[in-house]
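Structure first, then comments.
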Amino acid sequence: MEFYIPTETGEFLAFCAAIATVLFGLFALFAPGTALKLAGLQVRDGTREGYAFVRSAGGFYAGIAIVALLMAQSWIYMAIGGGFALAAFGRILSLMSDGSFTLKNLAVLGAQAVLAALPLGYAFGFL
């Protein structure tokens with residue numbers, strides 16, 4: 001099995017979104033404290049469950065993106081795009097109902113929207 005780097009523009013953009021997802025996932029997996037600080041969260045004194053949650057979520061992101069990179073199938077790219085689309089939808093709900101309308105949240109929403117649009121655009125033939 002060879003590692004495949006796409007030459008078609010749409011697939012390459014989905015490939016880049018998968019690479020970004022791998023990097024994000026590995027960062028959360030190996031630096032959960034920093035990931036929590038960047039998210040504006042903190043672990044309560046005396047408990048470590050928050051680190052376990054961030055590490056496992058990071059592992060999930062990295063795992064699904066690595067499979068997308070290795071398999072190079074539009075269905076797997078669709079899974080990444082769908083996940084980020086629902087994450088962006090959740091952030092929009094939070095902006096509207098939780099009073100979390102900040103520049104940081106808008107920037108993360110933009111990143112999630114791009115990371116959703118690239119693989120979904122390729123999977124559905126728009127790119």
In the single-linkage hydrophobic clustering (I, L, V, M, F, W, Y; side-chain heavy atoms under 4.5 Å), do [X] and [Y] co-cluster?
X	Y	value
Trp75	Leu70	no
Leu29	Leu69	yes
Phe27	Ile19	no
Val54	Val43	yes
Phe30	Tyr51	no

What are the two closest non-hydrogen atoms of [X] and [Y], and how far apart are they?
X	Y	result
Phe101	Leu95	CA-CD2, 3.6 Å
Pro119	Ile80	CG-CG2, 4.2 Å
Ala28	Ala35	CA-CB, 4.2 Å
Gln112	Ala88	OE1-CA, 3.5 Å
Leu127	Ala117	CD1-O, 4.3 Å
Tyr77	Ala68	OH-O, 3.8 Å

Heavy-atom count around [X] [atom1] within 6.0 Å, excluding the residue itself: above 12?
X	atom1	result
Tyr61	OH	no
Tyr4	OH	yes
Phe53	CZ	no
Lys37	NZ	no

Inset, instruction - Would you check if the side chain of Ser94 reaches a backbone N or O of Gly90 as a donor-acceptor pair within less than 3.5 Å? - result: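 Judged by distance alone, no pair lies under 3.5 Å.
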Legend entry - Close side-chain approach of Tyr122 to Leu13, heavy-atom, < 4.5 Å: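 No, their side chains stay 4.5 Å or more apart.
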Legend entry - Separation of Ile64 CD1 from Ile66 CD1 (nearest 0.5 Å): 11.5 Å
Inset, instruction - Hey, could you give me the CD/OG distance between Glu11 and Ser74, rounded to the nearest 0.5 Å? - result: 8.5 Å
Inset, instruction - Look at the rings of Phe126 and Phe124 and say which category their plane angle falls in: under 30° parallel, 30 to 60° tilted, over 60° perpendicular. - result: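 Tilted: the ring planes of Phe126 and Phe124 meet at 30° to 60°.
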Inset, instruction - List the steps, then state whether side chain to side chain contact (heavy atoms under 4.5 Å, CB included) holds for Thr21 with Phe84. - result: CA-CA 10 Å; Thr21 305; Phe84 275 113; 3.2 Å; yes
